[in-house]
Amino acid sequence: MNESALDISQLHKSYAGTPVVRDLSLDIAPGEIFGLLGPNGAGKSTTINVVAGVTRADAGRVRIFGHDNRAAYRLTRRLTGVMHQEIVIDNFFTIDEALKIHSGYYGVADDPAWRRVLIERLGLGPHLKKSMNKLSGGLKRRFMVAKALIHKPRLLILDEPTAGVDVELRRSLWEFVREINRQGTTVLLTTHYLEEAEAMCARIAILNHGRLIALEKTTDLLARLDGRRVILHLERDPLPLDEDLKALGAQWDPGTATLSLPLPEGMAATDLLLRLQGHQLPIKDMELKRAGLEEVFLKLTGMTGGTREGGHEP
Ligand SMILES: Nc1ncnc2c1ncn2[C@@H]1O[C@H](COP(=O)(O)OP(=O)(O)OP(=O)(O)O)[C@@H](O)[C@H]1O
């Protein structure tokens with residue numbers, strides 16, 4: 001069968017009369033790594049909670065590998081592994097005990113070899129006998145990732161898995177997620193780091209005030225937002241921008257004596273510098289900047305305009 005891994009259709013959810021997810025439809029193909037991004041309060045976790053079946057939508061439906069997540073709750077629960085954003089742990093168990101019993105919740109037998117892989121790859125080995133309340137925030141998150149994967153789900157949902165995780169572990173965590181994906185698991189993730197979404201996701205959806213404002217291939221989205229800029233720090237104020245610099249989209253900030261130019265997709269920064277040679281700019285230093293997630297959101301919400309629709313502020 002050629003069904004979607006996750007098919008969300010016309011989902012709507014309000015809290016106390018305030019819509020937090022509005023008419024959301026999106027489709028994730030088997031084998032994809034898909035990023036769901038958006039500013040704080042955009043409705044990402046609510047959407048994930050509805051998909052996981054822990055929050056009930058007001059309208060719309062969710063299908064996981066072709067099965068309705070309410071009509072076939074037990075089956076879709078087994079097909080899905082969710083790492084929620086809030087840290088939920090059970091203080092009665094050590095990591096080892098919790099992982100041993102957890103797959104039973106999904107009606108799946110414990111697989112000691114797979115458990116060992118998760119323990120090793122998520123760096124949990126030295127902490128197996130620790131009780132949950134003694135774990136650091138980053139360790140709790142890694143444990144939650146292991147728990148989400150223990151029953152070998154076909155769809156893995158990670159809601160900000162790298163919050164509070166240090167750089168090295170973040171890198172190894174994403175490497176592991178990539179590996180699991182290569183072995184066939186579909187991944188839906190949220191992150192507050194644009195670089196992570198860029199490195200991991202083939203497609204990205206952006207939510208704002210519960211509404212889908214972009215859903216594109218990551219490369220198309222970033223190219224459309226012309227993310228990269230070359231920043232030139234100058235010795236002194238240049239002459240007013242001439243037509244050539246204006247045509248390149250240069251912006252001058254006299255306060256800091258910096259000239260900022262967008263770097264077109266596919267062009268190397270050195271090519272742009274060559275193009276500027278004739279201007280004899282007194283360049284002191286140069287940097288290449290990529291738009292951050294906040295800038296992306298700002299730009300997109302500016303493009304779509306209607307983000308304050310209905311006067312709703314989360
Ligand atoms: N159980 C709840 N009761 C009332 N309001 C809620 C509840 N859960 C979420 N909300 C509200 O719904 C809106 C969307 O929240 P949600 O957590 O889905 O956003 P998010 O995009 O995941 O944000 P963040 O990036 O901060 O995690 C927010 O205004 C939040 O306060």
Side-chain angles (χ1 to χ4, degrees), residues 6 8-26 28 33-62 64 69-70 80-89 137-138 140-142 144-145 148 155-165 170 173-174 177 187-201 203-216 218 221 291-302 304 306-314:
L6 177 62
I8 297 176
S9 178
Q10 299 181 309
L11 210 64
H12 192 92
K13 176 72 188 173
S14 293
Y15 282 115
T18 303
V20 298
V21 177
R22 306 169 187 221
D23 196 27
L24 176 67
S25 296
L26 58 88
I28 302 180
I33 301 187
F34 188 95
L36 184 61
L37 309 184
N40 289 121
K44 304 178 296 291
S45 297
T46 304
T47 303
I48 286 173
N49 290 340
V50 171
V51 170
V54 295
T55 295
R56 185 174 278 216
D58 303 327
R61 60 160 178 71
V62 172
I64 296 168
N69 78 332
R70 287 183 56 199
T80 314
V82 188
M83 182 207 160
H84 291 283
Q85 193 181 82
E86 312 82 54
I87 294 181
V88 189
I89 47 157
K140 280 179 190 152
R141 278 190 196 282
R142 277 144 57 202
M144 285 168 62
V145 175
L155 172 66
L156 173 65
I157 300 180
L158 301 167
D159 195 356
E160 283 193 48
T162 51
V165 176
R170 207 183 280 180
L173 174 67
W174 287 132
V177 171
V187 181
L188 166 63
L189 62 89
T190 78
T191 171
H192 275 275
Y193 302 100
L194 185 59
E195 320 77 63
E196 291 188 345
E198 189 183 353
M200 295 294 296
C201 306
R203 288 196 304 150
I204 288 180
I206 297 188
L207 282 185
N208 190 39
H209 296 290
R211 209 184 282 293
L212 190 67
I213 59 166
L215 197 177
E216 289 174 55
T218 308
L221 183 68
L293 207 43
E294 298 309 317
E295 285 169 73
V296 170
F297 294 155
L298 268 179
K299 193 149 185 174
L300 278 170
T301 50
T304 55
T307 57
R308 298 279 183 270
E309 207 171 301
H312 164 64
E313 278 289 336

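One is the number of the first residue; the rest follow in order along the sequence. Computed from a predicted structure; not experimentally measured. Counting starts at 1 for both ligands and their atoms, in listed order.
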Exercise for the section: Heavy-atom contacts with His192 under 4.0 Å: which atoms of ligand 1 show up? List them by number with element. Expected result: 25 (O)

Practice task
Check ligand 1 against Gln85 and write out every atom of the ligand that is under 4.0 Å from a heavy-atom position of the residue.
Solution key: 27 (O)

Practice task
Say whether Gly38 and ligand 1 are in contact under the criterion: heavy-atom distance to a ligand atom below 4.0 Å.
Solution key: no

Handout entry: salt bridge (Lys or Arg N to Asp or Glu O under 4.0 Å) partners for Glu196, two or more places apart
Key = Arg170

Exercise for the section: Identify, with sequence neighbours excluded, every residue that meets salt bridge (Lys or Arg N to Asp or Glu O under 4.0 Å) alongside Arg70. Expected result: none

Exercise for the section: Counting heavy atoms only, name the option from Asn40, Val21, Thr47 that's nearest to atom 26 (O) of ligand 1. Expected result: Asn40

Handout entry: Main-chain N/O of Arg61 paired to Ser9 side chain as donor or acceptor, under 3.5 Å
Key = no

Problem - Min side-chain heavy-atom separation Asp58-Tyr15 under 4.5 Å - result: no

Handout entry: Asn208 side chain reached by Pro39 side chain, heavy atoms, under 4.5 Å
Key = yes

Exercise for the section: Have a look at ligand 1 and work out which part of Val20, if any, has a heavy atom under 4.0 Å from it: side chain, backbone, both or neither. Expected result: side chain

